[in-house]
Amino acid sequence: RILATISAVLAFLAVVSGNMIYIAYRGEGGPREFFKGNFPEIHEIFFEFKEFIGLFPLPIAVAATFILWKYRDSLPVDENIRNAVGVMIAVAWTVLMIVFVLGAAITKLMGV
């Protein structure tokens, strides 16, 4: 339960920090204008996809944490709850890692 709570907090921090960084990206004269004008495919894949997929880990991690705290007494006997929470946490962390990898790739293309 504690690790799931930490995961939810980390997902929240990732969303907040990602949105703060996107301010510079979307600003006038920022990388968005350059990539939309010169490489629209890179803009669509790296930026638009990353921006929106980066929001998904937060609700998934919060839902998994809620389930763990609410049904903590049922976890030892209910395998379905354990499996559901395990899948939710795995999906949240997988998406979070995809977002971080795409973010690292973006910085290699053009710094903000």
Side-chain angles (χ1 to χ4, degrees):
R1 289 186 311 254
I2 300 299
L3 290 176
T5 304
I6 291 170
S7 293
V9 169
L10 289 175
F12 173 76
L13 294 174
V15 167
V16 169
S17 65
N19 285 337
M20 296 298 288
I21 291 170
Y22 257 68
I23 292 171
Y25 164 70
R26 291 193 173 273
E28 190 174 322
R32 179 182 189 200
E33 288 181 9
F34 173 77
F35 284 115
K36 281 184 89 170
N38 299 316
F39 306 104
E41 301 83 16
I42 290 177
H43 168 75
E44 289 296 323
I45 295 169
F46 281 98
F47 292 98
E48 294 299 324
F49 175 72
K50 179 190 172 301
E51 178 182 5
F52 295 112
I53 196 172
L55 302 175
F56 284 108
L58 180 59
I60 295 170
V62 168
T65 302
F66 174 78
I67 291 169
L68 285 174
W69 284 98
K70 175 135 175 98
Y71 299 103
R72 63 178 170 257
D73 297 331
S74 302
L75 287 174
V77 294
D78 194 343
E79 184 178 346
N80 291 330
I81 294 175
R82 290 193 315 263
N83 289 339
V85 170
V87 168
M88 292 169 78
I89 290 174
V91 167
W93 273 98
T94 301
V95 172
L96 195 64
M97 291 301 110
I98 290 169
V99 170
F100 282 134
V101 167
L102 287 175
I106 288 169
T107 61
K108 295 297 181 191
L109 294 173
M110 181 176 186
V112 174

If you group Ile, Leu, Val, Met, Phe, Trp and Tyr by side-chain heavy-atom gaps below 4.5 Å, do I2 and L68 land in one group?
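Per the 4.5 Å side-chain linkage, I2 and L68 are co-clustered.
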Quick one: which of V16, L10, V15 gives a side-chain contact (heavy atoms from CB on, under 4.5 Å) with L58?
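When side-chain contact (heavy atoms from CB on, under 4.5 Å) is applied between L58 and each of V16, L10, V15, only V15 qualifies.
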Name the one of V87, I89, T94 that satisfies side-chain contact (heavy atoms from CB on, under 4.5 Å) with V91?
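Of all the options given, the one that passes is V87.
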Minimum side-chain heavy-atom gap W69-T5 below 4.5 Å:
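With C-beta onward as the side chain, the pair touches.
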Answer whether the closest heavy-atom distance between the side chains of F49 and L102 falls below 4.5 Å.
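Counting from C-beta outward, F49 and L102 do come under 4.5 Å.
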Under the side-chain contact (heavy atoms from CB on, under 4.5 Å) test, which residues partner V101, sequence neighbours left out?
none
Sequence neighbours excluded, the answer for side-chain contact (heavy atoms from CB on, under 4.5 Å) partners of S17 is none
Kindly give the heavy-atom pair with the smallest separation between M88 and I67, and that separation in Å.
SD-CD1, 4.0 Å
For A61 and A92, work out which heavy atoms get closest and say how close.
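Minimum heavy-atom separation between A61 and A92: N-CB, 4.3 Å.
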Hey, could you give me the OG1/CD1 distance between T65 and I6, rounded to the nearest 0.5 Å?
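Result: 10.0 Å between the selected atoms.
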